Amino acid sequence: MTTQTSLFDVFQVIDPRFRALVNTMAPLERIATGYTWTEGPVWFGDHQMLLFSEIPSNRVLRWQPGLGVSTFRAPADFTNGNTRDRQGRLISCHHGTRSVTRTEPDGARTVLADRHKGRRLNSPNDVVVKSDGSIWFTDPSYGIISNLEGYRAPQEQDGHFVYRLNPETGELAAVITDFTQPNGLAFSPDESRLYVAESGSSHDPSCPAVIRAFDLDSAGHLSGGAALVTVDCGLPDGFRVDSAGNIWTSAGDGVQCFAPDGTLLGKILMPERASNLCFGGPRGHDLFITATSSVYRIFVDITGAPSAGAQPAGT
Ligand code: MG
């Protein structure tokens with residue numbers, strides 16, 4: 001049974017386990033609207049603010065409870081995904097400069113990576129930081145195949161890779177090289193697995209709309225990579241993992257939640273296509289969802305996994 005909270009049923013319970021993760025009476029709130037394609041939500045508990053990217057208008061915006069939306073950065077080099085490192089610093093992917101940057105406490109930006117093997121990256125899309133400080137990001141081509149979300153330009157890399165960056169040394173390694181378009185990524189709570197979304201069906205309908213699971217050993221070696229999650233509407237873009245290891249992913253009909261074994265538990269049905277999400281709010285129980293023209297907030301009865309970049313230590 002679902003609860004009518006709006007013009008449509010927000011929660012779709014598919015597996016009874018989903019009931020423990022949500023409160024079906026919780027309303028879906030639209031907290032910001034009027035945009036074209038929102039992305040990259042990240043919560044700053046120490047500032048009680050949400051940052052999100054508005055890619056086509058080349059801005060990063062700030063939302064604060066009771067205060068609404070203000071501009072954080074504009075122009076923003078077509079920022080897409082955002083997260084925080086273990087020191088709480090903002091880490092961002094940029095289509096415009098085809099780079100990954102770190103924003104220092106004084107607001108200055110440091111370019112962490114913009115080239116691999118001497119050639120420009122494609123257009124870094126989403127990013128996560130592991131507990132050892134390494135920065136993992138995806139590099140599909142969305143920001144260089146059109147002027148909508150960046151600058152159309154030739155691709156210089158041999159493919160669309162997932163990279164691991166050592167921010168201390170600058171060493172950049174292509175660790176996964178067989179995606180059509182890698183997109184969102186996150187670690188399991190114990191960091192023994194890396195999940196990466198395949199969004200290649202955006203341009204190739206034959207490409208499966210899946211999140212693949214890679215095993216990560218203590219030496220940092222990846223193996224496996226089979227599809228774990230299949231999204232049954234649209235495609236997976238950004239996603240997060242909660243503290244129990246469940247995977248909450250964007251999809252064409254809103255947010256879809258999967259158990260660690262890949263079983264679809266339930267959905268948060270939304271009026272717009274979702275692009276990404278993050279956990280946050282005063283107690284960590286708010287799920288912030290960027291979805292096309294708007295940003296939404298909804299209460300969930302679980303918090304994000306710290307290792308998934310949802311809630312850096314101390315915030
Ligand atoms: Mg993305």
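Predicted model only: the values in this text are computed from it and were never measured. Indexing begins at 1, ligand by ligand and atom by atom, following the structure's order.
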Q) Is Pro260 close to Asn246 at the side-chain level, that is, under 4.5 Å between some pair of heavy atoms? A) yes
Q.
Is Asn276 close enough to the Mg ion (ligand 1) that one of its N, O or S atoms comes in under 2.8 Å?
A. no
Q.
I want to check a possible cation-pi pair here: Arg212 against Phe179, using under 6.0 Å from ring centre and within 45° of the ring axis as the test.
A. yes
Q. Is it true that some N/O/S atom of Asn125, main chain or side chain, lies under 2.8 Å from the Mg ion (ligand 1)?
A. yes
Q: Would you please indicate if the ring centroids of Phe299 and His285 are separated by under 6.0 Å?
A: yes
Q) With a 3.5 Å cut-off and no angle check, do the side chains of Ser92 and Arg102 form a donor-acceptor pair? A) no
(Q) I'd like to know: is the Mg ion (ligand 1) within the 2.8 Å range of an N/O/S atom from Asp237, strictly under that distance? (A) yes
